[in-house]
Each structure stands twice: as structure tokens, then as C-alpha cells.
Amino acid sequence: MSMHPHPIPAIPEETARVARAILPQGNVYLQMRDELGTLYQDEDFRDLFPSRGQPAAVPWRLALVTLMQYAEGLTDRQAADAVRTRIDWKYVLSLDLTDSGFDFSVLSEFRGRLLAHGAERRLFDRLVEQLRERGWIKARGKQRTDSTHVLAAIRTLRRLECVGETMRHALNVLAEVAPTWLLEHMDPEWADRYEKRFSDFRLPKDVKARVALAETIGADGRRLLEHIYAETSLPWLAELEAVQTLRRVWIQHYHAREQGTAWRADDELPPSALLITSPYDIEARYSRKKSTAWTGYKVHFTETCEDNEPHFIVAVVTTDATTADGVILEGLHADEAAHELLPHQHLVDTGYVDADVLAGSQMRYQVDLIGLVIPDTSWASRGAERFDHSHFLIDWEAKRVVCPAGQTSRDWGHIPDRHGAPSLRVRFPLPVCRACALHDQCTQTAAKVLILRPDEQTYSALQKARKRQQTPEFWALYTKRAGVEGTVAQAVRTCELRRARYIGSKKLRLQAFFTATAINMLRACAWLADGTHASTPVSRFARLIATAKSAAEV
């Protein structure tokens with residue numbers, strides 16, 4: 001498919017007349033075309049298409065259709081039908097009323113081109129540039145970030161289902177690419193065992209029977225892998241993704257022994273960050289956060305939050321479900337720095353904040369990270385008469401600490417903490433501590449031991465954050481962070497982000513950027529309409545109670 005850029009045509013007169021007659025007050029799409037234009041041009045996508053070949057569908061139209069599709073949570077078929085039947089869509093796309101549109105598969109091909117050329121964020125970046133040109137997005141302002149979980153586009157499988165489906169998936173792939181070879185090497189019993197999908201409703205309920213079936217499946221998979229790796233005439237069989245998945249799943253769920261394939265106990269499995277939960281999406285991971293458990297991914301949205309300006313999403317990050325929130329901030333700030341979108345103040349919740357992130361954000365990017373840090377819960381901090389870290393004088397250059405009694409530390413050394421992260425341990429002399437009159441206020445042990453952050457920058461950043469969050473000014477500023485939850489709700493309820501549309505992390509990233517772009521488009525139109533931010537919906541009952549209270553106060 002080739003593409004030759006053409007000027008964007010004007011809206012046909014008949015289309016404009018009918019649209020204005022049917023929608024005299026207009027709607028969001030008519031407003032988008034009138035106020036923002038078409039947002040995209042064919043030139044924005046020139047590098048995605050060759051210069052020769054059959055003409056492709058017009059890229060700027062496909063980009064707009066994708067935005068409107070995500071703004072309403074439509075499938076490809078529904079979006080293609082809307083192009084054929086909806087007046088407002090024809091108005092946006094400069095189409096005649098009789099235009100028959102295009103086949104729905106064109107949208108999938110467009111997404112495939114974006115993925116193939118690493119242009120997942122092309123639509124998002126182009127719209128953000130236009131919002132910046134209008135002065136709606138400013139660098140070094142205020143931003144806030146939050147995440148939401150996304151369910152993978154697969155069915156969650158239990159362990160026994162997972163190994164059975166993995167074996168069945170490998171057999172299905174081999175039946176397609178090497179049918180003759182498979183018939184020659186398969187066990188006759190496999191025809192009945194792997195003909196149908198594995199379902200926990202049909203599997204045995206008895207624990208011993210389930211283990212026996214699991215080990216039977218394990219033996220089948222091991223035999224298949226041995227045949228594949230022993231094959232010399234078809235060496236490419238071992239390189240098939242389904243076969244590699246089979247090998248990885250078998251390593252995770254079975255013990256490798258010369259005789260037999262023993263089923264691993266649950267406590268012998270690898271951590272969730274490594275455990276494959278389905279052969280159909282090997283990147284999806286199981287995770288739990290408070291009362292929510294899911295198999296899939298996480299998406300992080302960062303938006304502006306100036307008081308008198310519209311709020312737009314300026315950064316999107318996707319991770320697997322087990323990645324801690326704080327891990328993404330270094331990459332997020334680096335990406336924003338590359339696009340000249342770094343904030344001055346960045347509001348986040350507790351999951352994003354630790355001492356290293358606080359220090360790194362300030363030192364590398366001059367970003368003031370504002371979030372609740374975990375308070376000091378040590379024994380010394382739980383009594384007003386006890387001596388916590390603030391009572392000790394730390395000389396980082398001389399590598400020594402002076403206690404409240406004026407005694408100097410003896411040892412200064414770095415050790416890993418219980419999570420394996422580096423920390424600093426400072427010891428005081430045992431004879432001095434035992435004889436000290438302030439011993440009972442200082443420590444529960446014979447000699448005082450301080451466990452500190454490994455360097456002065458991270459230690460100071462943590463102490464300053466703990467001190468700041470005890471002030472009214474901090475809480476007045478931090479209350480603005482909650483507004484980002486409305487963005488998450490809009491992504492989930494309006495754009496249907498709760499479940500991945502496609503399989504794999506790359507396609508989820510594309511979906512997340514499309515979702516963010518659609519939200520930005522809707523917010524730009526809403527701001528142009530009334531110049532206010534969307535307010536939280538209030539129920540009729542809540543309004544009644546508020547009215548009654550106001551009347552009672554008067």
C-alpha cells in the first residue's frame with residue numbers, strides 16, 4: 001500500500017447543511033473539526049507508507065477515526081459502521097453523505113503500520129504539540145501521576161489449565177506448520193487429551209488426581225520437546241514461539257529429572273514477575289494490590305494540573321502488573337525531559353515515593369516530587385522522650401555520628417538491607433553505651449546501632465519529605481493529586497481501558513496512547529465549549545441533602 005499526500009478537502013456543502021440541520025447545537029465532533037481542524041495531515045504519516053503500490057486509505061482520516069473510536073469505546077466494525085452511517089463522523093472526515101467508507105480491517109492495518117515503525121505515540125505527540133502551541137501545556141508547571149490495572153485479553157488460567165493449554169497450543173501450531181512431522185511423532189492418546197480446551201470445570205477435583213494428570217501432561221510435553229530438539233531435518237521447529245513457550249512453562253512448573261516429570265509444589269514456583277500465566281499472552285503477569293487481583297498490566301497516566309488551565313495527559317507509561325509504581329519515575333522524567341515537558345512540581349501517591357526517587361528527581365531533573373513518604377516507625381520514634389535520628393549529628397564527610405550524649409560512633413560501613421538494597425550501618429562503642437545515663441532513651445540493645453540511607457542526598461531528601469508532610473501547606477498542595485483519579489475513571493469508563501483490546505505489551509502501549517489522545521481531544525473540546533474543568537457527578541440524593549443543609553444553616 002502506497003501513500004501520496006494530498007491537501008485536506010473541505011467539508012462537502014450537503015454534508016455540512018444536513019449536519020447543522022440535524023445537530024443545530026453541534027456536538028463534540030463538529031466542535032473538534034470547527035475549532036481544532038483535522039488535527040493530522042497525510043504528511044504526518046509519510047514515513048509509514050512506501051511511495052509505490054496500491055493507494056492506501058487516507059491516513060489523516062484513519063487517525064481521526066481511531067480517536068473517535070477510542071473516545072466512544074467502539075470496536076473496529078462499529079467504527080467502520082459509524083463512518084458509513086453517522087453524519088457527525090462524515091462531517092469530521094470531509095465525506096459525502098453517500099460515501100460508503102472502508103472495510104473495518106483497514107483500522108487494524110493502520111495500527112500494524114504504527115507498531116511496525118515504532119510510531120505508537122505518533123498521534124499522541126502530534127496532538128500534544130498542538131496543545132502546547134495554543135499555550136494550554138506549559139513546561140515546568142504542576143503535574144500528577146496515577147496508575148490503573150488493565151486485564152489482559154486472555155482468560156485467567158489455573159496451573160493445571162495453563163500447562164494443558166500450553167501443550168495444546170504447541171500442538172495446534174505444529175499441526176499448522178508441520179502436520180506430517182507431528183503425525184509421525186505424536187502419541188495416539190494426545191488426540192483425545194488435547195482435542196478440546198482445558199477447563200477447570202471438566203478437570204478432576206481430587207488433589208491426587210489433578211497431580212497425576214499434571215504429571216501426565218508434563219510427560220507428554222517433555223516427549224514432544226525431545227522429539228523437536230532431536231529433529232535435524234527441521235531445525236526451525238525449535239525456534240517456534242509456541243515451542244519456546246512450552247519449554248519455559250515446563251521449566252517453571254516441573255522438576256527436570258532423568259526419570260519422570262515431577263509437578264512442582266506451589267511454593268516452588270518462580271515469583272509472579274517471571275511466571276507465565278497463559279500461553280496466549282506470555283507477557284501478562286498476575287498481581288495483587290490491596291483487595292484487587294488481576295492478570296495483565298498497569299498503565300500510568302501523567303497529566304497537567306494547573307488551576308486555571310485545562311488538564312491534559314502529557315505522558316503514558318505501560319508496565320507489567322508486578323512492576324512497582326516508583327520504578328517508572330526515572331524513565332518518565334527522562335522521557336518528559338526529551339520532550340521538554342518536565343514539571344516543577346510532580347504530585348504522586350505513596351507507591352511512587354522513596355528516598356532514592358526523591359533525591360534522583362531533584363538532582364537529575366530539578367523536579368520537586370510531592371507525595372506521602374512512609375513515616376519513621378522505629379522504636380525510637382514512638383516515644384517523645386526517646387532519641388530518633390534527628391537527635392544525632394551526622395558528619396558525612398568525616399564518616400562519623402555524634403549521639404545526644406556527645407559520644408562518637410565507632411563503625412561506619414555499608415551493608416544490604418533485608419530487601420537487598422544498600423544501606424549504611426553506624427555502631428557506637430559497647431562500653432560507652434552501657435555506661436551512658438541516656439541509654440534507655442536511646443536504644444533497646446546494649447549498644448546503639450543506626451541504619452541510615454547509603455548517602456547524604458537520599459538521607460536528606462527523606463528527612464525533608466517527612467518534615468514537610470507535617471505542614472498544612474503540604475496538605476493544601478497534595479489534595480490536588482486526587483484529581484488524577486478522574487482521568488483514570490475517564491480512561492476506564494469512557495474509553496474502556498480496563499481490559500486490553502489486543503494481546504501483548506506493545507499493543508497495550510499503543511492502546512494506552514490512543515486512549516490518552518482521545519481523552520485530550522475530548523478535554524480540548526470541553527474547554528473550548530465552557531472554559532471549565534469537568535466536575536465530579538453528584539447524585540440527586542446528595543444534591544437534596546446539600547440543599548437541605550444549606551436551608552437549615554440559613
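From a predicted model like this one, the values you see are computed outputs, not experimental measurements.
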#### Entry: Contact summary for Ala71 and Met521, nearest pair of heavy atoms
CB-CE, 4.2 Å
### Message
Between Glu35 and Arg134, does any NZ, NE, NH1 or NH2 come within less than 4.0 Å of an OD or OE carboxylate oxygen?
### Response
no
## Note on the structure
d(Arg140 CZ, Glu340 CD) to nearest 0.5 Å is 11.0 Å
### Message
For a 4.5 angstrom cut-off between non-hydrogen side-chain atoms, does Met32 reach Leu64?
### Response
yes
### Task
Starting at CG of Asp356, measure out to CG of Leu329 and round the result to the nearest 0.5 Å.
12.0 Å
## Note on the structure
Here the pair of heavy atoms bringing His333 nearest to Ser361 is CE1-OG, 3.4 Å
### Query
Would you say the side-chain atoms of Arg122 pair up with the backbone N or O of Asp44, donor to acceptor, closer than 3.5 Å?
yes
### Query
Distance-only, no hydrogens or angles: does the Gln31 side chain make a donor-acceptor pair with backbone N or O of Cys525 under 3.5 Å?
yes
#### Entry: Tyr297 six-ring face occupied by Arg509 cation (under 6.0 Å, within 45°)
no
### Query
Is any side-chain heavy atom of Thr515 closer than 4.5 Å to a side-chain heavy atom of Val299?
no
### Query
With no hydrogens and no angle check, is any side-chain donor or acceptor of Thr304 less than 3.5 Å from a backbone partner on Glu306?
no
### Message
Between Glu283 and Lys506 (salt bridge meaning N to carboxylate O under 4.0 Å), is one present in this structure?
### Response
no
### Query
Between the side chains of Asn520 and Thr517, is a donor N or O closer than 3.5 angstrom to an acceptor N or O?
no
### Message
Under 3.5 Å, is there a donor on one side chain and an acceptor on the other for Tyr502 and Arg111?
### Response
yes
### 4.5 Å side-chain heavy-atom contact, Ile217 and Trp250
yes
### Query
Taking the side chain from Asp320 and the backbone from Thr322, do they hold a donor-acceptor pair closer than 3.5 Å?
yes
### Query
Which heavy-atom pair separates Val314 from Leu341 by the least distance, and what is that distance?
O-CD1, 3.8 Å
#### Entry: Charged tip of Arg168 within 45° of Tyr194 ring normal and under 6.0 Å
no
### Task
Going by the ring-ring contact (aromatic ring centres under 6.0 Å, His included) test, name the single residue among Trp136, Trp527, Phe301 that passes it with Phe312.
Trp136
### Message
For Asp99, is there an ion pair with Arg61 - N to carboxylate O distance below 4.0 angstrom?
### Response
no
### Query
With distance as the sole criterion, is a donor-acceptor pair present between the side chains of Asp103 and Ser105 under 3.5 Å?
yes
### Task
Answer yes or no: is there an ion pair linking Arg126 with Glu129, defined by an N-O contact shorter than 4.0 Å?
yes
### Query
Centres of the Tyr352 and His300 rings: under 6.0 Å?
yes
### Query
Quick one: are Leu39 and Leu123 in side-chain contact, heavy atoms under 4.5 Å?
no
#### Entry: Arg481 and Asp146 ion-paired at < 4.0 Å
yes
### Audit row: Ile154, Glu165, side-chain contact (heavy atoms from CB on, under 4.5 Å) steps and yes/no
CA-CA 12 Å; Ile154 55 173; Glu165 281 297 316; over 6 Å; no
### Query
Tyr229 side chain to Leu224 main-chain N or O, any donor-acceptor pair under 3.5 Å?
no
### Query
Do Gln345 side-chain atoms and Asp368 backbone N/O form a donor-acceptor pair below 3.5 Å?
no
### Closest non-hydrogen atom pair, His311 against Glu309
CD2-O, 3.3 Å
#### Entry: Pair Glu303 + Arg523, salt bridge at N-O below 4.0 Å
yes
#### Entry: Audit row: Gln130, Tyr40, side chain to side chain donor-acceptor pair (under 3.5 Å) steps and yes/no
CA-CA 10 Å; Gln130 296 180 55; Tyr40 306 102; over 6 Å; no
### Task
Indicate the atoms forming the closest heavy-atom contact of Leu269 with His253, along with that distance.
CD2-ND1, 3.9 Å
### Flag, side chain of Lys90 to backbone of Val83, donor-acceptor distance under 3.5 Å
yes
### Query
Stepwise, does the side chain to side chain donor-acceptor pair (under 3.5 Å) test hold for Ser94 with Arg33?
CA-CA 10 Å; Ser94 297; Arg33 179 61 192 267; 2.8 Å; yes
